[in-house]
Amino acid sequence: MEYIDILLSANFWAAAIRIATPLIFGVLGALVCERAGVLNLGIEGIFVVGAMCGWMAVWLGAGLWGGILIAALAGAFFGLLHGILTVPLGLSQHVSGLGITMFATSVSYFTYRTALPKVSSPPRIEAFQPLDIPVLSDLPFIGPALFQQTSMTFLALAMVLLVSYVLYRTPLGLAIRAVGDNPSAVEAQGLSVFALRIGAIMAGSALMALGGAFLTMSAFDAFFFGMINGRGWICIALVVFASWRPGKALLGALLFGAFDAFQIRLQNEVGAVIPSQVFLMIPYLLSIIALVLVARKADYPRALLQPYFRGQR
Amino acid sequence: MIRFEPRSNVSSLFAFALPIIAGITALVLAAIPIAAAGGEVFAAYGHIFKGAFGSKFALSELLARATPLIFTGLAVSVAFRAKLWNIGAEGQLYVGALAAVAIGSGAISAPSYIMIPLIILAGMIAGGTLMLVPTLLKTKLGADEVVTTLLLNFVVLLFVQMMLEGPMKDPMGMGWPQSEPMTSAATLPKMFARMRIHWGLVIALVSALIIYIMMKRSVWGFEIRATGENVSAAKHAGIPVTSTFIKVGLISGALAGLAGVSEVAGLKGYLTADISPGFGYTGVVVAMLAGLSPVGVVVAAVFIAAVFVGADSMSRAMGVSSYIADLVVAMSLICVLVSSLFVCFKIRFVRPKKTPLVAKGEA
Amino acid sequence: YSPAKVLAAEPLKVAAIYTVPVEQQWVGRIHQALNAAAERGDITYVYSENTANTDYERVMREYAEAGHQLIVGEAFAVERAARNVAAEYPETAFLMGSSFPAAEPNFAVFDNFIHEPSYLSGMIAGAKSKSGKIGMIGGFAIPEVNRLMHAFMNGAKATNPDVTFTVNFINSWYDPPKAKETAYAMIDAGADVLYAERFGVSDAAMEKGIFAIGNVIDTAADYPNTILASAIWHMEPTVDTAIAAVKANNFKAEDYGKYSFMGHGGGSLVVDETLVDADLLGKVKAVEASILDGSFIVEINDEEPKSSN
Amino acid sequence: MPETESGHPLLSLQNITKIFGDLVANGNVNLDLHAGEIVALLGENGAGKTTLMNILFGHYVADQGRVMVRHASGILVDLEPGAPQAALEAGIGMVHQHFTLAENLTGLENIVLGTESLFARRFSRSKARAKLQELMQSSGLEVDLDLRVSKLAVGERQRVEILKALYRDARILVLDEPTAVLTPQESDSLFKTLKLLAAKGMAIIFISHKMAEVLGASDRVAVLRGGKIVADLPTSQCDRHQLAEVMVGHSVQSAKRKPGYPEDETLVFAGVSAGEGREQIENVNLALRKGEIIGLAGVSGNGQSTLAKVVSGLEEPTAGTVSLHGNPLKPNAAAVIRSGIARIPEDRHHDGIVGAMSVEENLVLEEIRKPAYQRFGLLRFNEIRKRAQEAIKAYDIRCSGPLAVSRLLSGGNIQKIVLARTLDQQPDIVLAAQPSRGLDVGATADVHRRLQEARDRGAGVLLISEDLDELFQLSDRIAVIHRGHICEPMETEKLDKKQVGLMMAGHSAKGEQAA
Ligand SMILES: Nc1ncnc2c1ncn2[C@@H]1O[C@H](COP(=O)(O)OP(=O)(O)OP(=O)(O)O)[C@@H](O)[C@H]1O
Ligand SMILES: Nc1ncnc2c1ncn2[C@@H]1O[C@H](COP(=O)(O)OP(=O)(O)OP(=O)(O)O)[C@@H](O)[C@H]1O
Ligand SMILES: [Mg+2]
Ligand SMILES: [Mg+2]
């Protein structure tokens with residue numbers, strides 16, 4: 001069957017990994033926030049900020065890695081805002097998150113338009129190019145699948161390792177997991193719940209911003225309004241699917257990327273008979289189904305969505 | 001060091017004045033982007049005010065924009081009361097609109113006193129049914145409804161596009177993906193000539209009143225609150241928790257569906273896939289600004305609509321990028337959020353004391 | 001509104017309302033034409049971009065109330081409302097993108113009728129495709145897009161009757177990464193010429209060393225050795241005609257669509273002559289001539305195009 | 001003997017005042033704690049004990065007063081207020097009333113949490129483990145360190161909490177109601193450990209409502225009433241009644257057992273099995289008669305909660321039948337309530353009240369659908385208010401009024417809301433699970449009196465408790481539950497506490513007690 005051929009082609013997997021890369025950043029970011037007990041619905045807006053700031057920095061003359069840094073810092077800034085609203089102030093995480101999305105998106109758009117009032121075709125930057133590593137790129141199958149990617153994809157994979165290492169092997173990770181489960185346990189051990197949570201949200205948001213930056217600095221080389229196109233929300237679903245574990249988060253993002261890549265190819269094949277929207281729905285519907293399947297087994301960070309106040313009854 | 005201490009009693013004047021102070025703060029902060037874009041700040045304020053309240057037309061625009069926000073705000077507030085995190089009002093709005101159009105664009109012909117209740121009912125059923133899915137997934141299978149409602153928004157939007165490009169496409173629409181227009185019998189009348197404000201607003205206000213009574217004075221409201229605040233105690237006390245969730249899901253979805261009905265039957269006249277600029281998501285914001293109170297929802301919806309309409313109009317008058325409108329709304333939201341803190345907490349600045357060295361355990 | 005400005009009110013006051021940002025190629029062309037007119041000093045130009053359909057009517061009214069003499073925009077999803085507003089401001093001229101006829105007395109319509117150059121670009125694509133597979137990537141399947149795709153497909157079939165097409169809509173005006181991804185998929189499936197309706201497609205084509213056909217705007221400079229030809233839309237004839245009419249006080253509810261036709265200079269074909277051999281170019285030029293003299297009429301088809309199986 | 005080489009106490013609380021709104025939780029409290037002594041802190045629910053300890057540990061900041069600890073040089077220095085970190089560094093360890101453990105981490109991880117620099121590259125498990133092995137041996141606190149806390153039993157969690165303090169070399173240990181959730185055996189071993197630690201020079205302060213523990217384990221007793229210290233004296237000079245009186249402010253009449261007059265059987269279990277895992281019950285046969293109290297003794301976690309769930313209509317038996325007056329019991333909470341079964345849940349905060357709702361709303365929670373409180377689906381506020389005012393008076397619920405937010409009430413008063421709500425419906429059956437857990441002597445006496453009244457009115461009462469004193473004081477018959485099995489209930493007169501204690505631990509009682 002030709003569908004099997006699709007699945008067996010290296011290019012298909014290259015596409016899956018490419019589509020998954022921004023999601024890997026995003027889902028890791030959301031995971032870090034949620035492990036610390038805070039839902040970050042600001043993700044969609046933080047993606048926009050990352051995409052805009054990273055691109056803008058490079059366009060203004062910063063190097064590519066400089067752009068990455070700026071994007072991460074901008075993400076962390078909005079993370080800080082979300083952190084202040086939800087942690088010491090204890091405001092509803094849903095509303096603050098949606099507010100951050102509105103704020104981050106509109107600030108980015110406004111800034112872009114104010115800086116570039118007269119563009120009719122968006123300016124381009126010199127984006128990350130696929131890495132061409134001598135021997136590895138020539139390996140059969142693996143070569144084209146993995147080594148058609150840019151350094152940002154490898155950065156994403158490195159982040160998966162880093163996040164799992166930090167979460168499971170370091171005192172900091174221990175504290176983050178604890179604060180997402182029972183903040184009073186952390187406070188009773190003399191650690192600051194506020195600092196841990198805000199720090200985690202900032203780090204997580206920086207990761208999310210990298211997901212956005214990937215879109216303008218690696219997947220493409222210009223910034224467009226609306227180009228995030230719901231990718232952030234997908235990450236929110238993927239974290240639950242991943243049961244809040246970095247390894248599964250990677251798996252989830254890759255699966256989603258594979259579905260999406262497959263969907264595009266399927267639409268190319270049989271698009272004449274089935275409305276295009278049906279294909280576009282598939283990844284969302286599969287996410288919901290996957291969620292239902294893992295729902296019973298997943299154990300939530302118990303303090304997720306719960307604000308913590310010292311000495312509150 | 002800053003400390004937050006819970007406030008035990010809040011003077012009502014204080015609670016009343018704060019949102020106003022927050023609104024003013026937001027406007028002051030809005031000066032930054034306005035100035036950055038080269039606009040004249042004081043003139044801008046005048047334009048914002050004029051754009052929102054300056055004329056009968058502006059006022060009507062403001063209320064027309066507030067109408068769907070009242071519905072979605074109510075939808076969210078009912079659901080959140082039961083801690084059913086419905087982020088899917090956007091999708092429910094669209095299916096509500098789709099249902100209204102399916103019935104009201106010529107499939108049935110009847111006088112308006114039949115058609116209007118019919119499309120309202122259809123929209124409510126459609127929205128409620130859609131919300132039933134995540135509710136059941138939550139209660140029966142334990143799937144997180146934040147995620148399912150969020151994802152269903154995308155599915156619904158694609159479904160609406162599919163319908164508008166397929167079976168529900170207007171044959172007279174020159175190929176545009178839009179539905180046939182609502183028949184005049186199925187149109188909510190305008191309240192004033194040459195103004196867009198329509199009877200959807202009245203339905204919204206009546207809904208707010210009904211929800212207010214339901215939450216405050218009815219057994220259902222009591223059970224919804226109890227379930228939301230402590231499911232296991234509610235279950236223990238014999239409150240039918242699952243059916244309460246289902247009830248809440250249905251009511252919430254139905255209200256969001258009404259937003260869709262009101263937009264197609266009152267404002268737009270037919271359905272396109274971009275009928276809502278995120279009313280469902282803004283509904284979450286409205287509901288929370290209102291502290292989940294149905295009456296508050298009306299106030300918050302009008303506030304958000306006023307800021308948007310005013311700032312949008314200002315952007316044109318000043319020649320500033322029109323993205324400023326969303327920016328000012330977002331800034332107002334964040335200011336109001338922060339101010340809510342002052343209602344709940346006293347803020348004390350504590351000078352960190354010089355601490356003497358303290359030795360670890362004795363030898 | 002300083003008195004000096006009022007005195008110098010010679011230039012026509014023009015406002016435009018776009019439902020998308022001005023980077024979108026389609027409105028970008030209108031924006032560019034109006035900016036050019038403003039730079040010439042013919043008009044003063046203000047605009048609102050990314051206006052939600054819900055807000056469209058209000059913005060129209062505000063501009064009308066503010067005394068703009070010509071309002072340009074796209075009424076596609078707000079036909080009825082736009083026509084109502086126009087009727088209430090008979091003093092103001094409205095020039096709106098629309099698929100419907102003009103409405104008396106002051107509602108003129110236009111559309112991007114560049115199916116003619118699209119047909120010509122299709123001829124080049126068909127001839128240049130060795131695999132006989134052409135990939136087409138669009139935003140949404142709306143008449144504006146469909147019509148150009150059909151003309152393109154007809155053109156391609158004229159030079160290469162066996163050519164097959166895959167069509168894919170990415171369901172967004174702005175998702176270049178997704179458009180690019182879709183393009184990659186088509187290339188994997190054997191397409192060697194791509195119809196680039198969206199940003200992102202030509203990028204994939206250039207990266208993979210195949211050809212692309214441009215649409216509405218000319219991006220050949222950005223993608224060296226990639227863009228065979230582009231069907232370009234020029235809004236200047238439309239806009240300038242309308243401005244002149246308003247100034248001359250004889251603006252009528254006409255269909256300005258014709259000003260987008262090649263005959264009026266509203267559409268043109270640009271070809272990268274380093275990529276297209278003279279023989280093919282000659283054939284294309286011949287058809288172009290017969291379009292211009294009216295002996296050949298390109299069919300207009302607004303149905304959603306489907307992949308050929 | 002308390003060793004006070006330098007004459008200074010290890011810890012000194014001076015003039016501590018803490019005010020919540022209008023409520024003086026602590027007023028001018030002075031308390032010293034010397035090395036090597038065990039002090040018991042006593043007081044009614046809401047007397048301010050936890051507040052005082054939270055100030056000491058830095059969770060709260062006192063409005064006035066100072067917390068001082070002894071410096072290595074022997075002088076007293078101020079402790080930075082509001083900083084648990086400072087308290088920990090000063091050698092204060094605290095075991096909170098509600099455990100502060102992250103359940104997704106192992107015991108070991110909970111213990112080392114916060115003891116190393118957060119930015120260390122990794123934490124060394126082996127070093128921590130070695131130190132802990134040693135601590136566990138010397139203190140007798142054995143736990144499986146590598147099990148997730150969510151899998152640990154309450155007693156084990158308690159031990160993890162104490163190990164947390166020991167691991168940080170605490171020299172002052174604060175325990176807030178450490179025995180409230182422990183079995184008698186576990187409590188015994190806890191106090192043994194505490195004595196051991198005190199002998200090594202640690203200063204210990206613990207809070208308890210159980211007189212026997214206080215008298216048995218402490219060197220000194222301090223009593224708080226209404227936020228003020230009303231007594232502070234060596235344990236040797238105290239007696240039970242006098243302490244109770246100082247605590248409550250008046251003499252407390254603890255309920256005396258009176259014989260009941262049991263009639264015919266009402267609630268009957270026939271071969272009932274339900275639940276799974278540790279909480280499974282198997283083939284339970286039990287018949288409760290009208291007008292009697294059956295006490296169900298057992299270490300918690302032996303199936304009591306499943307039994308309670310079955311009676312409450314929240315769980316369906318997998319085998320056997322439960323019948324009420326001969327009719328099978330519907331597995332539905334609302335139906336169970338309608339059929340006249342009152343349930344006092346084990347965890348009153350979690351299952352008993354809706355904390356965010358007002359006292360009056362909680363009082364009608366179970367009956368809200370009755371015509372008395374609603375008409376056409378609309379609430380009858382006047383009736384609800386009237387009911388609340390009566391209940392507040394009749395049950396002496398101390399709160400600011402019917403509209404008070406119930407979450408803020410003390411444990412005893414929350415329990416009174418539950419009692420008023422359930423017992424005032426004139427139930428035929430009362431299921432009372434751990435009804436006096438965490439309650440002070442006064443509140444406990446109240447609860448006992450109410451249960452006896454219900455019985456005297458003709459109701460059958462099933463009392464689930466770990467507290468043998470309580471069981472012997474109230475029950476007409478006592479049954480023991482162990483690993484999901486329940487023995488035949490026996491007349492209280494024919495039993496003694498030691499014997500029941502053994503049965504709770506799994507020993508058979510057949511030989512001696514063949515009735
Ligand atoms: N954060 C708070 N806000 C408001 N009131 C509080 C707070 N913490 C405690 N209180 C009140 O202070 C009083 C003392 O509470 P505390 O918890 O110290 O009592 P306690 O002696 O420990 O009682 P128990 O024996 O029930 O544990 C109570 O009336 C309580 O309601
Ligand atoms: N204490 C540990 N030391 C080393 N690796 C660990 C440790 N705990 C977990 N890991 C690694 O992390 C991955 C996930 O582990 P685990 O199943 O404990 O996650 P989890 O249960 O989601 O975490 P949590 O304890 O926060 O709930 C596993 O692959 C495991 O190898
Ligand atoms: Mg206490
Ligand atoms: Mg683990």
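These numbers were taken from a predicted model, which means no experiment stands behind them. Chain letters run A, B, ... following the sequence lines, proteins first, then strands; residues in each count from 1.
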Taking side chain as everything from C-beta outward and backbone as N, CA, C, O, which of these in A:Val166 sits under 4.5 Å from a heavy atom of chain D? Side chain, backbone, both or neither. neither
[Y] backbone acceptor or donor facing [X] side chain under 3.5 Å:
{"X": "D:Glu103", "Y": "A:Asn182", "value": "no"}
{"X": "A:Arg169", "Y": "D:Arg121", "value": "no"}
{"X": "A:Gln189", "Y": "D:Ile111", "value": "yes"}

What distance separates D:His59 NE2 from A:Ser184 OG, expressed to the nearest 0.5 Å? 7.5 Å
Output the distance between atom CD1 (A:Ile176) and atom CG (D:Leu118), rounded to the nearest 0.5 Å. 8.5 Å
With only heavy atoms counted, which part of [X] is less than 4.5 Å from chain A, the side chain, the backbone, both or neither?
{"X": "D:His349", "result": "neither"}
{"X": "D:Ser117", "result": "backbone"}
{"X": "D:Phe57", "result": "side chain"}
{"X": "D:Leu113", "result": "both"}

Is it the case that over 12 heavy atoms from other parts of the model lie below 6.0 angstrom from the CZ atom of D:Arg129?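 More than 12 within 6.0 Å, yes.
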For [X] against [Y], the heavy-atom pair lying closest together:
{"X": "A:Ala185", "Y": "D:Thr100", "value": "CB-O, 3.3 Å"}
{"X": "D:Gln85", "Y": "A:Leu191", "value": "OE1-N, 4.3 Å"}
{"X": "A:Tyr168", "Y": "D:Arg125", "value": "O-NH2, 4.1 Å"}

Between A:Leu172, A:Leu174, A:Val179, the one whose heavy-atom pairs under 4.5 Å with chain D are most numerous: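 Among A:Leu172, A:Leu174, A:Val179, the one with the most close pairs to chain D is A:Leu174.
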Most contacts with chain A, counted as non-hydrogen pairs under 4.5 angstrom, among D:His98, D:Met94, D:Lys164: D:Lys164
Between D:Ala165, D:Ala120, D:Gly58, D:Gly93, which has the largest tally of heavy atom pairs under 4.5 Å with chain A? D:Ala120
Residues D:Leu101, A:Asp181; criterion side chain to side chain contact (heavy atoms under 4.5 Å, CB included); working and verdict: CA-CA 9 Å; D:Leu101 295 170; A:Asp181 185 77; over 6 Å; no
Between A:Arg302 and D:Asn104, is any pair of side-chain heavy atoms under 4.5 Å apart? no
